[in-house]
Amino acid sequence: MGVTVDVHEVFKYPFEQVVASFLRKYPNPMDKNVISVKTVEERKDVSTGIIYRKRIAVCQNVVPEILRKHSDDCWKKVNILKVPNIQLEEESWLNPQERNMAIRSHCLTWTQYASMKEESVFRESMENPNWTEFIQKGRISITGAGFLNCVLETFASTFLRQGVQKGIRIMEMLLKEQCGAPLAE
């Protein structure tokens with residue numbers, strides 16, 4: 001089945017400042033679930049100016065302990081949930097000339113049971129060129145866990161929606177610390 005999360009947010013800060021804040025957002029004491037983020041590849045296309053980055057995030061396993069404790073026959077398929085951390089891969093393409101950055105993320109852990117994919121864009125706002133739009137579409141689907149598929153998807157949906165809001169609050173805090181008050185219309 002699967003669950004989706006769609007987000008549209010406008011940061012009242014210029015594109016360059018928003019992207020810089022995004023790239024240094026984690027780890028952050030406001031979100032203890034993200035343990036580390038490491039850039040594993042970065043290159044600039046000299047002909048287009050586009051900067052490609054690949055980052056790996058290590059996050060705390062947030063699946064409720066009750067779902068990780070069981071180990072009898074009906075739960076053997078979900079024993080994989082017992083891992084302490086999960087890894088996510090994020091690829092981004094920053095185009096400074098066009099003032100946009102596209103991002104694709106997916107989960108590297110639990111790939112045989114779960115699919116988590118996000119596509120995001122930061123771009124100059126059409127409403128005000130000194131503001132930045134953030135658009136994100138995410139989808140999670142769980143398979144192979146029997147009757148727990150729906151339970152895990154519901155949990156994931158709630159957790160992701162809360163995580164997106166927390167991420168936006170962190171971005172706003174970083175922007176305010178670095179740049180001061182948001183820009184007026």
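This structure is a prediction, so every number in the text was calculated from the model and none was measured.
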Inset, instruction - For residues 49-58, pull every pair meeting salt bridge (charged side-chain N to carboxylate O under 4.0 Å, His left out), keeping only residues two or more places apart or in separate chains. - result: E42-R53, K54-E89, R55-E90
Inset, instruction - Report the distance from atom CD of Q60 to atom NZ of K32, rounding to the nearest 0.5 Å. - result: 10.5 Å
Inset, instruction - Quick one: pull up CG in L88 and CG in L108 and give me the separation to the nearest 0.5 Å. - result: 7.0 Å
Legend entry - R24 CZ: over 12 foreign heavy atoms closer than 6.0 Å: yes
Inset, instruction - Test F11 against L175 for side chain to side chain contact (heavy atoms under 4.5 Å, CB included), laying out the working first. - result: CA-CA 9 Å; F11 294 100; L175 287 161; 3.9 Å; yes
Legend entry - Nearest heavy-atom neighbours spanning A181 and Y13: C-OH, 3.6 Å
Inset, instruction - Output the distance between atom NZ (K44) and atom CD1 (I51), rounded to the nearest 0.5 Å. - result: 5.5 Å
Legend entry - Path from V58 to F22 over hydrophobic side-chain contacts below 4.5 Å: no
Legend entry - Residues that, via side-chain heavy atoms closer than 4.5 angstrom, fall in one hydrophobic cluster with Y52: I50, W93
Legend entry - S21 side chain vs M171 backbone, donor-acceptor pair below 3.5 Å: no
Legend entry - NZ/NE/NH1/NH2 to OD/OE distance under 4.0 Å, K137 and E119: no
Inset, instruction - State yes or no: do M116 and V7 share one hydrophobic cluster built from I, L, V, M, F, W and Y residues joined by side-chain heavy-atom distances below 4.5 Å, directly or via other members? - result: yes
Legend entry - Pairwise distance CG(N100) to OG1(T132) - rounded to 0.5 angstrom: 11.0 Å
Legend entry - Qualifying residues under salt bridge (charged side-chain N to carboxylate O under 4.0 Å, His left out), relative to E16, sequence neighbours excluded: R99
Legend entry - Where Q136 and S120 come nearest, the two heavy atoms and their spacing: NE2-OG, 3.1 Å
Legend entry - Inter-residue atom distance E133.CD - M126.CE, 0.5 Å rounding: 7.0 Å
Legend entry - Any donor-acceptor pair under 3.5 Å from S157 side chain to E153 backbone: no
Inset, instruction - Mind jotting down which residue pairs meet the side chain to side chain donor-acceptor pair (under 3.5 Å) criterion with at least one end in residues 164-184? Sequence neighbours excluded, please. - result: none
Legend entry - Under 3.5 Å donor-acceptor, S92 side chain and I103 backbone: no
Legend entry - Side-chain heavy atoms of I135 within contact of R123, under 4.5 Å: yes
Legend entry - Connected-component partners of V37 among ILVMFWY, side-chain separation under 4.5 Å: Y26, M30, V34, I170, M173, L174
Inset, instruction - Can you sort out the partners of E41 under salt bridge (charged side-chain N to carboxylate O under 4.0 Å, His left out), two or more places apart, ordered by chain and number? - result: R43
Legend entry - Spacing of D31 atom CG and K25 atom NZ [to the nearest 0.5 Å]: 8.5 Å
Inset, instruction - Taking all non-hydrogen atoms of both residues into account, name the closest pair between P96 and G49 and its distance. - result: CD-O, 3.5 Å
Inset, instruction - Determine, step by step, whether F122 and L94 satisfy the side chain to side chain contact (heavy atoms under 4.5 Å, CB included) criterion, reporting the C-alpha distance in whole Å, the side-chain angles of both residues, the deciding distance to 0.1 Å, and the verdict. - result: CA-CA 9 Å; F122 286 100; L94 171 60; over 6 Å; no
